[in-house]
Amino acid sequence: MPETPDRPSEIAAPASLTPVSRAPEPRARLRHALGVVAKAAIALAALYIAWRLAAGIRWSDLAARLAGASWTLVALAVLFLAVRFAAWDLRFRLAAARVTGGRSRAPFGFSVLLASAALNLLNPAARLLGGPLRARHFARATGRSFGLFYGIVLYDQLVHQATISLCTVVSLAAVALAAGHRALGWGAYGLLAAVAGGLVLWSRKSGPFAGSPLARFLARRAARQDSRLQRLYVHGQEAVSTFVSLVADRGMGLRAVALGGGLFLANAVAQWLVFRALGESVGVLPVIAVVALGNAAGMLMGTPGGIGTTEATMVAAYVALGVDRVSAGAATLLFRGLHYALVIAVGGPALVGLEVKAALSAAKKPAAEARRRRAA
C-alpha cells in the first residue's frame, strides 16, 4: 500500500460519513437492543459454563494450590503484564506521533491507558467510555482536537482486534498441527493466506488506498464504532479522516502489528509463568493458544474487561487440552486476578488523578478569561 501524507486533514472523509445530529432510526434502536440482549445472554452462558467447570473443584484444594505458589514467579508474571500495557501504550503514542508530529511522555500515556482500562472494567458501558476518555485526556494534554485523537483510538482498537484475531488463528492452527490434525492446521493457514490476499487486492482495486473500497468500508466501520461519535461530538469527520490516514500508513501498520504481537506474547508468557509458579509444567504452545482464545472471547462477547467470558473460555480450553480442573482453575484465576489487580491498583488512582486535574483545569479557565478581559 502506498504511503500517505502524515497529516489527516489532507485526507477527507466521504461526505456520507459526516456526523449528523438526528435521533437514531427505529431499526437502529432495535439492532442496538438486540445486540445488548445477545451480549447479556452470552455473558450469562459463559458464567454458567464457568460455574459448571468449577463445580468439581473443591475451594479448599484451589486455595491450597494458590497458597503454595512461588511469589517470585508471580511477581515476574506481573512484570510481563506491565510490559504488555507498555507495548500497547507505545503503539498508541507512535500512531499519535505519525499524525501530530509530536511526542508524548510514556508515563502519561501509560497512566491514561490504565485509567481507560479501569473505567472499562468498572463500568458496564465499557466500550462507550474508555476510548473517549483516552482521546479526551490526550487532546487536553497536547492542545489538539478531540476528533484527531478519537480517530487514533479507533485505529488502535482496529489494530488490537485484528492482531488478537490473527494470533488466535495462528496459535490454534499450530496446536492443531502439533496434535496431528494436519488438514485442520494447514487449512487454517490457507484460509488466512487467502483472506490476506483478498484484502490486498481489494485495497488496490481503486488506486491509492485512501480511495479504495477497503478504506471506505473501514471508514464507515470507524464512524459507526461508537454511535456517540455522531450524536454527541462535532469531530466525527476529523476522527474518520485520521483513522483512514493511519490505516493507509504502511510503516505505521508494520509497527502496530509488531507491537501487537509483542504485547500478545508478553500476556502469554505471564500466564505460562503463573503455571510455573503453581508448580505445573504446561507447554508454551498450548498456553499461547488458550490465552489467544480467551482474549478473543472476551473481546468479541463484549463483557466489561472480558470478565467472565475470558475466564470461562480459558478454563474450558485448558481442561480440553488435558490440564486437570484444579490446576486450570487456579492458574486462570490467578492470572486474570493479577490482570484485574494491576488495572485497578494503577488505573484506579490514575483515573481519579486525571479527572481531578481536568476538573481543576476547567475551573481555572473562567477566572483566567475574566483576568484577560479586565486587562484588555
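Only this structure's heavy atoms are used, side chains among them; waters, hydrogens and symmetry mates stay out.
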**Asked** Just how far is it from atom CD1 of I288 to atom CG of L293, taken to the nearest 0.5 Å?
**Response** 13.5 Å
**Prompt:** Is L113 reachable from V83 through a run of hydrophobic residues whose side-chain heavy atoms are each under 4.5 Å from the next?
**Reply:** no
**Message:** Using modelled atom types and a 3.5 Å cut-off, is there a donor and acceptor pairing between side-chain atoms of S111 and backbone atoms of F108?
**Reply:** yes
**Asked** Taking W272 for the side chain and V282 for the main chain, is one N or O donor matched with an acceptor at less than 3.5 Å?
**Response** yes
**Request:** Mind listing the closest non-hydrogen atom pair of A115 and L354 along with its distance?
**Result:** CB-CD1, 3.9 Å
**Prompt:** Does the side chain of F138 come within less than 4.5 Å of R93's, by heavy atoms?
**Reply:** yes
**Complete:** For V290 and L321, the nearest pair of non-hydrogen atoms, with its separation, is CG2-CD1, 3.6 Å
**Prompt:** Between F85 and F110, how do the two ring planes meet: parallel, tilted or perpendicular, split at 30° and 60°?
**Reply:** perpendicular
**Item:** Side chain proximity check, H160 to R91, heavy atoms < 4.5 angstrom
**Value:** yes
**Request:** Identify the heavy atoms of A292 and T168 that sit nearest to each other, and give their distance.
**Result:** O-OG1, 3.1 Å
Can you give me every donor-acceptor pair (side chain of residues 67-80, partner residue at least two apart or in another chain, under 3.5 Å) with its distance?
none

**Message:** Looking only at the side chains, is there a donor atom on one of R98 and S245 sitting less than 3.5 Å from an acceptor on the other?
**Reply:** no
**Asked** If you round to the nearest 0.5 Å, how far is CG of L278 from CZ of F335?
**Response** 12.5 Å
**Prompt:** Could you walk me through whether F146 and R140 pass the side chain to side chain contact (heavy atoms under 4.5 Å, CB included) check?
**Reply:** CA-CA 8 Å; F146 171 88; R140 284 176 174 172; over 6 Å; no
**Message:** Can you confirm if the aromatic rings of Y155 and F149 lie within a centre distance of less than 6.0 Å?
**Reply:** no
**Message:** Just so I know, are the side chains of V274 and L338 near enough to count as touching, which here means a heavy-atom distance under 4.5 Å?
**Reply:** yes
**Item:** Nearest-0.5 Å distance, CZ of residue R105 to CG of residue D89
**Value:** 11.5 Å
**Message:** On a heavy-atom basis, which atom in A87 and which in L263 lie closest, and how many Å separate them?
**Reply:** CB-CB, 3.9 Å
**Message:** Quick check: do L133 and L351 have side-chain heavy atoms less than 4.5 Å from each other?
**Reply:** yes
Residues 341-349 side chain polar contacts: donor-acceptor under 3.5 Å, at least two apart:
none

**Item:** Side-chain donor/acceptor of T332 to backbone N/O of M314, under 3.5 Å
**Value:** no
**Complete:** Residues S171 and C167: closest non-hydrogen pair is OG-O, 2.7 Å
**Asked** Can you tell me how far NE2 of H339 sits from OG1 of T310, rounded to the nearest 0.5 angstrom?
**Response** 8.0 Å
**Asked** Roughly how far, to the nearest 0.5 Å, is CZ of R255 from CE of M252?
**Response** 7.0 Å
**Under 3.5 Å: donor-acceptor pair, side chain of S327, backbone of D324** = no
**Validation row: T100, R144 side chains within 4.5 angstrom (heavy atoms)** = yes
**Prompt:** Between F92 and R134, is there a cation-pi geometry (under 6.0 Å to ring centre, at most 45° from the normal)?
**Reply:** yes
**Request:** First locate atom CD of Q271, then atom CZ of R276, and finally report the distance between them rounded to the nearest 0.5 Å.
**Result:** 13.0 Å
**Asked** Do L259 and V257 belong together in a cluster built from hydrophobic side chains that touch within less than 4.5 Å?
**Response** no
